[in-house]
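Have a look at the structure below, then the notes.
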Amino acid sequence: AQSVTQPDIHITVSEGASLELRCNYSYGATPYLFWYVQSPGQGLQLLLKYFSGDTLVQGIKGFEAEFKRSQSSFNLRKPSVHWSDAAEYFCAVAPGTGGSYIPTFGRGTSLIVHP
Amino acid sequence: DTGVSQNPRHKITKRGQNVTFRCDPISEHNRLYWYRQTLGQGPEFLTYFQNEAQLEKSRLLSDRFSAERPKGSFSTLEIQRTEQGDSAMYLCASRERGPTGDTGELFFGEGSRLTVL
């Protein structure tokens, strides 16, 4: 079974600073990987996804993520954070081959943006 | 289509009462998922439908929980004899089967928040 670790519960950055949120996964084969964002009291919105091909993927709102197979990581980055980016961010993994297609989510990283 | 719709958005109930949540997925999506999210945690998988067939159930889904998806359209999640530990956000998501098989992202509704007093 797959699993996801988001080692940082909270991240605080200043507006305009760069951001990197960490995600490590455990899965035996090539996974499908996702980053979602959740604002308070809301559902989850997809930021970006990786299925295959180029390991650097671009998403909405200026976010990007890089799949590194050797490190089992899929870290989310943004060069300049805006106050509206404050939210909860979830990394998720789904099996790329075999098994039931059930995405597993990490516990999330809460992003706090200082003015 | 406006996306995945869930109702009610909020439900407050007393311990021991039954509650039911409804999810209307994106119309062309034949896969439907229920997740539960408690404060400070990520979504945890509860159950999964392909059309009207319930294909997977998590061990989190106790006997007090039942989910249905009649005719492969909307789905309901019922919790009987609610307990305070059932307080959570219940999220529904749907997806379509990709052209090469199981792939694709989940599209989430805004969730149904349950508070059990």
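Model, not experiment: these values are computed from the prediction. We name chains A, B, ... by the order of the sequence lines, and we start the count at 1 in each one.
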Handout entry: From CA spacing to verdict: ring pair (Phe, Tyr, Trp, His ring centres under 6.0 Å), F105(A), Y35(B)
Key = CA-CA 10 Å; F105(A) 288 80; Y35(B) 283 80; 5.4 Å; yes

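Considering only heavy atoms from C-beta on, Q41(B) stays 4.5 Å or farther from F90(A) through its side chain.
Remark: side-chain polar atoms of Y36(A) are paired, donor with acceptor, to backbone N or O of L106(B) under 3.5 angstrom.
Hydrophobic cluster membership is shared by V113(A) and W35(A), with clusters built from Ile, Leu, Val, Met, Phe, Trp and Tyr side chains linked at under 4.5 angstrom. Cluster annotation: L32(B) and F107(B) are assigned to distinct hydrophobic clusters (Ile/Leu/Val/Met/Phe/Trp/Tyr, side-chain heavy-atom contacts under 4.5 Å, transitive). Two different hydrophobic clusters hold I9(A) and L76(A) under the rule that ILVMFWY side chains link at heavy-atom gaps under 4.5 Å. There is a path of hydrophobic side-chain contacts, each under 4.5 Å, that joins L47(A) to Y25(A). V81(A) and I112(A) fall into different hydrophobic clusters, where Ile, Leu, Val, Met, Phe, Trp and Tyr residues are linked whenever their side-chain heavy atoms come under 4.5 Å apart, directly or through other members.
Sparse packing is recorded around CG of L39(B), with 12 or fewer heavy atoms of other residues, nucleotides or ligands lying under 6.0 Å away. Around atom CD of E20(A), more than 12 heavy atoms belonging to other residues, nucleotides or ligands sit under 6.0 Å away.
Across C92(B), A93(B), G109(B), G42(B), the residue that shares the most heavy-atom pairs under 4.5 angstrom with chain A is G42(B).
Residue Y48(B) holds its OH atom at 7.0 Å from CD1 of I102(A), rounded to the nearest 0.5 Å. To the nearest 0.5 Å, the span separating CD on Q42(A) from CE on M89(B) amounts to 7.5 Å. Distance check: E105(B) CD to L48(A) CG gives 10.5 Å after rounding to the nearest 0.5 Å.
Contact record, L44(A) with F108(B): O-CB, 3.5 Å, taken as the closest heavy-atom pair.
The part of Q38(A) that comes within reach of chain B is its side chain, from C-beta onward, which places non-hydrogen atoms under 4.5 angstrom from that chain. With a 4.5 Å cut-off on non-hydrogen atoms, Q37(B) touches chain A through its side chain but not through its backbone.
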